[in-house]
Every structure is written in structure tokens, then in C-alpha cells.
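Everything below concerns the one structure shown next.
Start at 1 and go down the list; that is how both ligands and their atoms are numbered.
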Amino acid sequence: MKRVLLTSILLLVLSTLQAEDGYRLWLRYDKISNTALLNKYRTAIKFPFVVGESETIKVAQHELSMGLSSLLGTTYQSNTGSIAASSLWCGTPDQSSEIDNLSSVLQLSKVGDEGYAIASIANNGKKRIFIAANTDIGVLYGIFHFLRLLQTNQPIENLKLVSAPKLKLRMLNHWDNLNRTVERGYAGFSIWDWHRLPGYIDPRYIDYARANASIGINAVSLTNVNANATVLTRSYLEKVKTLADIFRPYGIKVFLTARFSAPAEIGGLKTADPLNDSVQNWWAEKAREIYSLIPDFGGFLVKANSEGQPGPQNYGRNHAEGANMMARAVDPFKGIIIWRAFVYSNENPEDRHKQAYNEFVPLDGKFDKNVMVQVKNGAIDFMPREPFHPLFGAMPRTPLMMEFQVTQEYLGQATHLVYLAPLFKEVLESDTYSKGKGSLVARVIDGSLDSHTLNGMAGVANIGNDINWCGHPFAQANWYALGRLSWDHSLSSEQIADDWLRMSFTNDASFINTIKSVMLKSREIMVNYMNPIGLHHIMGTGHHYGPAPWVSNLNRPEWNPVYYHKADSVGIGFNRTSTGSNAIAQYFPEAQKLWNDINTCEEKNLLWFHHVPWNYILKNKRTVWDELCYRYYNGSEQVNWIIKEWLRQRGKIDDQRFEQVRMLLHIQAEEAIWWRDACLLYFQTFSKMPLPPGYEQPNKTLDYYKKLRFPFAPGGG
Ligand code: GCW
């Protein structure tokens, strides 16, 4: 008995010693295991110097010392040792005459305010690596890049790279409430410990800032877009100031969400009408107060007149009048307003798909110069697959910012392994045709298409206080991908997955190749078992978890899944062509061509745009019904393929994360079957067609699925 106990204690101690709880994200800096490479790196890197004194430079020095010491398994202390023998110099031309002299060789004219150059150069008879930038934050970004080269085991003999972000604002939007619940958060509670701020500084704030800086994220909005005005009161602003002070050295600006009715709620005014003088003064004063505490405050992110949030329309004013009033308050301090275009109303009988476009396009050109309009990637709501939002390309006189969702509200939340870079890329690479062929969404949001200097991309964060930050070990990849793509949207999903896997797990080639292919396929697999060929918004009410295509009893018609799939005895799908809601007319003619004709419509979006008879024959010769069956079955089988591939990785990575992922994959497999059977049984009540031969019959009834309840599902906020 005693022996058993001792053994289990020993095992526990051992497993804690080897614990990989995921906290370190992609910044693990474990010692390089390839000895030949390790020796090469050690020979190449001697006495690193990071020149300068600012807080950012101190952070950079620390990161470099820590990263090198840990990766190379020997102490490196920046800025000590012999400067003459140093082979790694980091800094700006202002601080270092060496770098100043080399600035044209380094091509610093190309890197702007945040970019950097990394180059191997013969200098004073010695080969040195320079990490150079025009600003201190550029130096920090360059150092993170250099450490990534080591983490991913890249050669560093002849470096010559220049990197500058394609987007100015690279942002995370937290939907965190002041009581620490997180709307659509699946990784625990909010990491912002409001109650104990400003006195208590959770070390996690610094790790959060480091992680963001390492992928180039330079802006965060701390609070839920369903906003609480309390965050704008003095005592909360002091808490916000503390966070802003912590983030500043990492190049991160803080934004807050602003509740439009704040002047009435906390300001004692009778109205929040944007054209009212006292309301305007209130916001101007509030801005002054905020900037006196946080001189580099980013500005406000606003959800107005959407899903019950107050806004200018409560006073008969439009979105531009509301946004501009706030924009004038922050303008003297160089602040901006990010105004969301996620609007739809149940009083409006128009197809929800069309409503944001209808409200916003007439306002193009009416927003002040420091307003950006933030548009979700698709017109409905972060579905597993959506055609791009028709607003992209349709408001050339307004800087449009991309809003992706990193938290997987409709994509298996923190239970399913779904790598989102392919979704992000699919949208970014969609052609709006607004200025002819090649008018990609990416070019709309990076400002190059319509010459906007304000530009950016945001992701709704998937971060909580779970030890591994994101709930699912693989959900970290989505945070990572958002950052990397905001820096450079031309990167491939594959490149990003490759880097992330190497940094987060191992450089073992067989692991990388297999699991990279799993990641790259995972989104399509999920689309197949959840929402194939253009189905959308058929998930459970409220918590949005699991299937519930039968729901039809909610007050707001557009909250009911039946509104979206429109299954009936004839067929399935939402007719958005000219014979239906005509949402398709909101796209430019060449884009319409992709979807307009049922016979040529891209199959992946078929039911998004067409109501299609059950026995309609697709190009692959299957009927629509058979195709749905095929996709649902194929998707759920593919999860078993993922499991098989994962099980082969045992021993190649740490046991702790191996086990976590294994368990989660088993839930995913069960839930894929749940989606498959619940949806097919339900749609079958309309199609009246049998499953194609050879398909295993569902072993539960539709009624069983309809009765499932999840009263405490997370993410309710
Ligand atoms: O996707 C929906 C979510 C809401 C969210 C809203 C929005 C913050 O279900 O929880 O509210 O979108 O984006 O504003």
C-alpha cells in the first residue's frame, strides 16, 4: 500500500516536473535539441548588445537574454561582455552610429515605424548580425523574429530580411465584462482582475503583453462591446491606466468600448443625443480625463444600435453623426473611433444579410477622418463559412477594418480543434471586384485599394484565465495566426501553422508534417460536419453550442435557425438571388457571377444563396440531399482520421498536452456525430429521402436531440 502511494507521489512529482501546461504559449524557448545546430548558433551568437535605454529597449534586452540563454542552454546577458567581440547588435540609427552608418545596407527606409531589418553583415572585419529598426518597438519586434528563427531551427548564417507590417492597427477585441465573465469566452474568466487593480498586478498581464508583441499585435480593447459605462468612471480609468502602463513598453495601445448612453448613465445628463451640446462636452471632457491618465490611449470601440445596445438612432441620428461626435472628442489627442457595422434589427423585415450594407453604404464619405468602420468578415455572424461581407469594397471613402472572431463561438468553442488561418485567408483573398479584378478584401482593409492611411484588423479574443490561456491547446494557434496575418496577410496558413507548431511543440519533422496537415484540413472538416454547402446559423439558441436547426419559437425571427435554412418539402437554402431577397445585388457584378446562377454557384456557398430542390443534381452527380449526407458523414469520419493521426504522436511531445488534445478530440468526434445525426434526421423530415446506401443509421432519435439542454454552457457573458 505504502509502496503504491510512494510510487504515485513520485509519478506525480515527475509529471509536474515535466508539466507542459501550455502557459508559455509559443514562447517556450526550450533548449535546442539538435546538437550540431546548437553549436552553430552558439558559435554565431556572441555578446549580444541591444542599444538604448527606453522601457521598450529594456524589455528587448531582457527578452533577448532570456530567449538566448534558454534556447542555447548557456547564459547570455545582453550588453555585457566585449562589444568588439559582439556578433549580434540590435538598435536604431539614433542610438547606434554603427547602425546609422549601415542604414542603407540594412534598407531601413523600407521598414517604417514598426518594421525591422535583420541582416548578416561584415563589419569592422567581423561578421555580425544586425537587428535594426527606426524605432525601439521595431527593435523588439525584430528580436522576437530572430528568436523565432532559432526556435524553428532556421539557418542564421546569411540573414537578409526586411519586414514591415501591412496593417497599422493589429488588434484584439476582448469581450470581457467587468464582473470577469467573458461573452463568448470559453477559456475561463477574464484575465483582467478589475477588483484588485490597480494595486495588484497579475504577472500574467506582462506575459500577455509579451505574447502579443511577439506576433505584432499593437492594440487591445479591454472590454465587451456590449459595454458597461462603469469602465469610464474615474476609479476604473485608474485601473485601465495601470494596464496601459504595463502594455506600453510592448507597443500596445489600449482602447475601451464606450456605451453610447454613458453621458446619461454616469454623467447625469438627461440625454445622450450626439447633437446635444452638453453631450458633446461630456465626451470631450471624458476624453480629456482619459488622456490625462493615458496619453497614448487608442480611442473607443463602439457597438451602437445593435442587439439592444443604445446608439444615435435612439435620438433620430445616424451612425455617422454618432461616430463623429465621439471622434471630435478624441481627435485633439490623436485618438480614433472604431465604429462597428454589425447592425441588424428585428423591426426590419429585410434579409438580415442586407441590413448593414443598407445602413452604412449611404454614409460613405460622411465619417470624420479619425473614424474606422469595423466590419465582420461576413454579413451574418462569424459562421464556419460565409461569403465575404458585401461592405468590403462598397465604402471606398471610409477606412474599413476587418473583424474576425478568434474565439470559436460557432466553431466548436474551446472543445474542437479548428485552425482558423484558412478561414481568415479565404476572406482576405476574396475578390470584391470593386475596382476590377484583384480588388481583394485584403487590399480594402490594408488601405492600398482606396488609399487610406488608417487601416487595421481585429480579432475577438479567445483568451481567459485558464492556465493555457485559450482552453484548447490548439486554440492558441488562432490567436497566433491573427497576429501574424495582421502583420502580413500574404503569409500562408501553412507557414503560420509550421512556425506555431515548431514553437509550441517540437521541431520533429514527422510531428510537424502530420499535424500541420491536420490543422490545415480541420476547418473544412468542421464545415462539413456542422454547416456544409452554405448552411449557416443552425446552432443551439443562446449558447450557440451544438445543432438546433429546428428552433423556430424565438421572438426575433432572425434569431431562429429556420429563418436561415428554410427547409421545406421542396428543398433547402436561402434564396438571396433576384428571385429572393436579392442580397446578391449588394456585390459587384463579377462577384455576383460566382453565386448568382444555381447551376454555376460555388458549391461551398450554394445554400447560402439558393433554395435548392432536394433532388437537384450537383456537378458531382449527387442530389443535394445525398450531398448533405455525404458531407456530414465525411466530416464526422474525418475527425476519426484526426484522432488516428494524433495517436501516432504519442511520445513525440509532452504527455500533458498530448492527453488534453486526445480527450478533446474524442469529444469532438462524438459531437461531430451529434451534428451529423441531429441535422440529417431533422432535414429528412422535409426531404423524405433515405440515407444513401451503406451509411450507418443514426442510433438516436430526432426527439432525443431536440430535448438536449445545456443550462450552464459557457460564454453567456
Ligand atoms: O455573434 C454575436 C454574439 C454576441 C455578440 C455579437 C456582436 C458581443 O452572439 O454575443 O455580442 O455577435 O458581435 O456584437
Notebook entry, point to check: Honestly, is R576 close enough over W608, meaning NZ or CZ under 6.0 Å from the six-membered ring centre and within 45° of the axis?
Noted result: yes
Show your working on side-chain contact (heavy atoms from CB on, under 4.5 Å) between V427 and M402 and close with a plain yes or no.
CA-CA 10 Å; V427 178; M402 172 63 77; 3.7 Å; yes
Practice prompt. Please confirm whether K707 makes a cation-pi placement over Y705, using NZ or CZ under 6.0 Å from the six-membered ring centre and within 45° of the ring normal.
Written response: no
- Item | Centroid-centroid distance, F360 to H389, less than 6.0 Å | no
Counting only non-hydrogen atoms and a 4.0 Å cut-off, the residues near ligand 1 are W175, E183, R184, N224, V225, N226, K303, E307, R340, F342, K376, D381, E409, Y410, H544
Between Y344 and the options E307, Q355, E359, R556, the side-chain hydrogen bond (donor to acceptor under 3.5 Å, both in side chains) test singles out E307
The single option from R184, E183, M383 that satisfies side-chain contact (heavy atoms from CB on, under 4.5 Å) with E409 is R184
